[in-house]
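The structure under discussion appears below in the form of structure tokens.
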Number of protein chains: 2
Amino acid sequence: MSGRTGRRPGNPDTREAILDAARTAFAARGFDAASIRAIAGAAGVDPALVHHYFGSKDKLFLAAMNAPIDPGRLLPEVLDGDRQGIGERLVRAFLAVWDSPAGMAGVALLRSAVTTEWTARLLREFLVTQVLRRVLQHLDADPAERPLRGALVAAQMSGLVLMRYVVRLEPLASAPPETLVAAVGPGVQRYLTGPLDEVFPLPD
Amino acid sequence: MSGRTGRRPGNPDTREAILDAARTAFAARGFDAASIRAIAGAAGVDPALVHHYFGSKDKLFLAAMNAPIDPGRLLPEVLDGDRQGIGERLVRAFLAVWDSPAGMAGVALLRSAVTTEWTARLLREFLVTQVLRRVLQHLDADPAERPLRGALVAAQMSGLVLMRYVVRLEPLASAPPETLVAAVGPGVQRYLTGPLDEVFPLPD
DNA sequence: GTCTATATTCCGATAGAC
DNA sequence: GTCTATCGGAATATAGAC
């Protein structure tokens, strides 16, 4: 879990070490509880150096989040294929990202989105503009339905991440990815391309 | 379980006022950010009085959570009825609880479960022993399948709560309950009583 | 019982020396 | 660039006076 805590005196990429330590700390303890002092300690540098590089704790958090989360990289592989398999491919890609070291940033973002207000807005806009809209646009869904369909997918996926990586509810936490792909894939598929009368039951 | 022989506290109203303010504060700002000073201020009492009643911040949190969360009250109405409608009834009951004032305690528990370790364990054991096990027991599910089925339901429901009440993702946040019942009910139903080969696809 | 005052700890951020 | 020293603030929790 602990990243690179080795000593690196006079190293030019001290900046990367700080970002690495920041990601682990934010993911593990949330935004508030993760202190700059602890991050600096884990990175093997002085707390004041963190301020020198990033200016404030907020900017450090944003700098730690921006890089590793890049949905544009893996969205093509989700969208490429038959229409009926997009649910399972979406779940598979999500789990692959969250199981990787880069997934720590996602956990950190989710953790602090629950706690502080401005990260919640950050996560909201990220989900809406960077992920969900692209998927539903690719599926040629009715524009009027897209927000609700996208939100339902977000709810299913975030709940999966929450229980598997944060709360660590068994056997979800240690289940093989393909089991979960087969289990929740169809549900996601239904939210994306399911019949209209089930997703929009009350046209009052 | 209510202590009928316990020594009576000073003013029952002030104690309830403190618990009420605590639930609101914990739900709105999370465990760490909700200060005893702010809770005391909202309740109209002195901060030191909170310590006098509950001893510590942790115990105050536990006292605020214990009362309003009582799944035994509404589980019968979920379990009573035909087998195929239990998914929708479960979602309907959940939303009814979370939309009510008592739902603040649930939001507070979820919020702090994401941040602090011991509340995550609290939520875990609460979900497993108080909710999921009872539902699946009533359905006569294969005991070997119960943990995964229950965890999948927990993931779906917690994600719904997370997006609707915490992150406030639209249009999920302001959608009428019955819309969500019809939208996610079938998915929950599938997790509970769905075909075996979909939930357990890899018998390796 | 209730509140005032304080002890203790830890945080983010700044200024300035090597 | 990197670190030492410190400021100013807010938090929990305690001790003790009315």
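So that the names make sense, note that chain A is the first sequence line, chain B the second, and so on, each numbered from 1.
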Nucleotide by nucleotide, nucleotides 3-18 of chain C touches protein heavy atoms under 4.0 Å in the pattern (B base, S sugar-phosphate only, - none) SB------BBBB----

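Taking the ring axis of F31(B) as reference, the NZ or CZ atom of K57(B) stays within 45° of it and closer than 6.0 Å to the ring centre.
Contact check on D99(B) versus R164(B) returns a salt bridge, with a Lys/Arg side-chain nitrogen under 4.0 Å from an Asp/Glu carboxylate oxygen.
Contact annotation: Y53(A) side-chain N/O to dT2(D) OP1/OP2 distance is under 4.0 Å.
More than 12 heavy atoms of other shown residues, nucleotides or ligands fall within 6.0 angstrom of atom CZ in R89(A). No more than 12 heavy atoms of other residues, nucleotides or ligands sit less than 6.0 Å from atom CD of E16(A).
Between F54(B) atom CZ and dG1(C) atom P the separation is 15 Å, expressed in whole Å. Regarding L60(B), its CG atom lies at a distance of 15 Å from the P atom of dA11(D), rounded to whole Å.
For the residue pair T119(B) and T116(B), a side-chain donor N or O sits within less than 3.5 Å of a side-chain acceptor on the partner.
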